[in-house]
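Remarks on the structure that follows.
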Amino acid sequence: MKIKNQILMVVNPISGGIDKSKLIEAVKAEMNIRNYSLEIYKTSDDNDQAAIEKMIFKFQPERILVAGGDGTIQLVAEV
């Protein structure tokens, strides 16, 4: 049985040349307030697709948040 309130956040830390640390901390804080369990995956171009697939299988998130550009969105959509 799937556990509810699980969120996976996939972050491309170099997308747009913008530091994502403040965004990650804001999401962590909000998920804590809402009593959600959050897992974060930062892309690295080192077999990201397989790593994301493994996280989805293991964590079984209700939703996936994506912080990145078109390539990151495409990667997650393909998984």
Side-chain angles (χ1 to χ4, degrees):
M1 179 180 196
K2 188 170 133 179
I3 299 171
K4 294 185 178 185
N5 297 336
Q6 302 222 57
I7 306 293
L8 171 62
M9 183 175 184
V10 177
V11 179
N12 181 337
I14 62 170
S15 175
I18 299 169
D19 180 20
K20 310 294 184 311
S21 60
K22 287 183 182 178
L23 173 65
I24 292 168
E25 290 308 311
V27 171
K28 283 180 180 179
E30 188 64 29
M31 294 300 107
N32 190 40
I33 289 168
R34 294 175 183 254
N35 201 27
Y36 278 68
S37 177
L38 177 68
E39 290 288 324
I40 298 173
Y41 177 79
K42 294 181 183 178
T43 61
S44 64
D45 286 334
D46 186 26
N47 208 7
D48 288 324
Q49 186 167 352
I52 294 168
E53 286 173 354
K54 185 176 180 179
M55 286 192 78
I56 290 171
F57 180 77
K58 179 180 177 185
F59 191 60
Q60 303 214 346
E62 240 185 316
R63 294 190 172 100
I64 300 175
L65 305 176
V66 181
D70 294 350
T72 309
I73 294 168
Q74 181 177 352
L75 169 67
V76 174
E78 288 175 355
V79 170

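Predicted model only: the values in this text are computed from it and were never measured.
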Please round to the nearest 0.5 Å and tell me the distance separating atom [atom1] of [X] and atom [atom2] of [Y].
X: Glu78; Y: Gln49; atom1: CD; atom2: CD; answer: 6.0 Å
X: Leu65; Y: Ile24; atom1: CG; atom2: CD1; answer: 11.5 Å
X: Glu30; Y: Ile7; atom1: CD; atom2: CD1; answer: 11.0 Å
X: Leu38; Y: Phe59; atom1: CG; atom2: CZ; answer: 7.0 Å
X: Asn5; Y: Arg63; atom1: CG; atom2: CZ; answer: 9.0 Å
X: Ile64; Y: Met55; atom1: CD1; atom2: CE; answer: 9.5 Å

Does any pair with a residue in residues 36-61 pass salt bridge (Lys or Arg N to Asp or Glu O under 4.0 Å), and if so which ones, sequence neighbours excluded?
none
Where at least one partner belongs to residues 11-24, residue pairs that pass salt bridge (Lys or Arg N to Asp or Glu O under 4.0 Å), sequence neighbours excluded:
none
Testing the basics here: between Gln60 and Phe57, what is the closest heavy-atom pair and its distance to 0.1 Å?
CG-O, 3.3 Å
Taking all heavy atoms of Ser15 and all of Gly68, pick out the closest pair and write down the distance.
OG-C, 3.4 Å
What about [X] and [Y], same hydrophobic cluster or not, with Ile/Leu/Val/Met/Phe/Trp/Tyr joined at side-chain heavy-atom distances under 4.5 Å?
X: Val11; Y: Leu23; result: yes
X: Val27; Y: Val66; result: no
X: Ile73; Y: Ile56; result: yes

For atom CG of Leu75, decide whether the heavy atoms of other residues, nucleotides or ligands shown that lie under 6.0 angstrom number more than 12.
yes
Is there a side-chain contact between Met31 and Lys28 (heavy atoms, below 4.5 Å)?
no
